[in-house]
Amino acid sequence: MYKMEKTLTGHEMSYTELFADIAKGNYIHVPLSDYSKSAVRTECRRQNKYAGCNNLDNKFTTSTTIKKGYVTIFRRK
């Protein structure tokens, strides 16, 4: 499987759809100008809870340091 990196240019999807679009090992960059950082992180916690993950082994994680001006969502497993 190859790694895919996708960058959104605007508010193209709902917060829930952001996480449904990510396959294992892939990234999606979400612009901070269109999406709230705290809302993305809240949805990330919610998606991990739905997946039955514990705090040390999450399915999704976020970062704001990979690409400037974007929140990056990464799927681990």
Side-chain angles (χ1 to χ4, degrees):
M1 185 163 78
Y2 65 94
K3 289 210 177 210
M4 183 206 57
E5 194 168 340
K6 182 176 182 181
T7 303
L8 298 182
T9 57
H11 194 83
E12 301 172 16
M13 300 180 221
S14 70
Y15 288 98
T16 306
E17 289 172 340
L18 292 172
F19 292 87
D21 196 40
I22 305 172
K24 180 181 175 183
N26 293 339
Y27 294 86
I28 187 167
H29 302 289
V30 180
L32 286 171
S33 59
D34 297 315
Y35 292 89
S36 166
K37 178 172 52 173
S38 62
V40 171
R41 288 185 173 165
T42 300
E43 185 62 30
C44 182
R45 283 192 297 272
R46 187 176 295 134
Q47 292 296 325
N48 285 327
K49 181 181 174 185
Y50 292 153
C53 301
N54 61 25
N55 290 337
L56 300 175
D57 188 30
N58 291 325
K59 184 175 183 178
F60 296 102
T61 188
T62 62
S63 174
T64 56
T65 60
I66 295 175
K67 191 169 184 177
K68 188 174 179 156
Y70 290 84
V71 175
T72 301
I73 305 167
F74 177 74
R75 180 172 171 182
R76 295 182 185 175
K77 54 181 179 173

Open item on the list: Any donor-acceptor pair under 3.5 Å linking the side-chain atoms of Thr16 with those of Ser14?
Closed with: no
Open item on the list: Over 60° means perpendicular and under 30° means parallel, so tell me whether Tyr15 and His11 are parallel, tilted or perpendicular.
Closed with: perpendicular
- [ ] Could you grab the distance from atom CG of Asn58 to atom NZ of Lys49, nearest 0.5 Å is fine?
- [x] 13.5 Å
Open item on the list: Nearest 0.5 Å, please: how far is CZ in Arg75 from CE in Met4?
Closed with: 11.0 Å
Task: Within-4.5 Å side-chain heavy-atom neighbours: Phe74 and Ile66 - done: no
Open item on the list: Hydrophobic cluster membership, with links at side-chain heavy-atom distances under 4.5 Å among I/L/V/M/F/W/Y: are Ile22 and Val30 in one?
Closed with: yes
Open item on the list: To check you understand the geometry: which heavy-atom pair defines the closest contact between Thr7 and Lys67, and what is its length?
Closed with: OG1-NZ, 3.2 Å
Open item on the list: Which heavy atom of Leu32 sits nearest to which heavy atom of Lys37, and what is that distance?
Closed with: CD2-CB, 3.8 Å
TODO: Decide yes or no on side chain to side chain contact (heavy atoms under 4.5 Å, CB included) for Phe60 and Cys53, but give the supporting numbers first.
DONE: CA-CA 9 Å; Phe60 296 102; Cys53 301; over 6 Å; no
Task: ring-ring contact (aromatic ring centres under 6.0 Å, His included) partners of Tyr70, counting only residues at least two apart - done: none
- [ ] Using the side chain to side chain contact (heavy atoms under 4.5 Å, CB included) rule, take Lys6 and Ile28 through it: C-alpha gap first, then chi angles, then the decisive distance, then the call.
- [x] CA-CA 5 Å; Lys6 182 176 182 181; Ile28 187 167; 4.3 Å; yes
Task: Minimum side-chain heavy-atom gap Lys77-Asp57 below 4.5 Å - done: yes
Task: Path from Leu8 to Ile73 over hydrophobic side-chain contacts below 4.5 Å - done: yes
- [ ] Work out which heavy atom in Tyr35 is nearest to a heavy atom in Met13; give both atom names and the distance.
- [x] OH-O, 2.6 Å
Task: Check: Asn48 and Arg76 side chains under 4.5 Å, non-hydrogen atoms - done: no
Task: Thr72 side, atom OG1; Glu5 side, atom CD - distance, nearest 0.5 Å - done: 7.5 Å
- [ ] Go through the structure and list residues passing salt bridge (Lys or Arg N to Asp or Glu O under 4.0 Å) with Arg46, not counting sequence neighbours.
- [x] Glu43
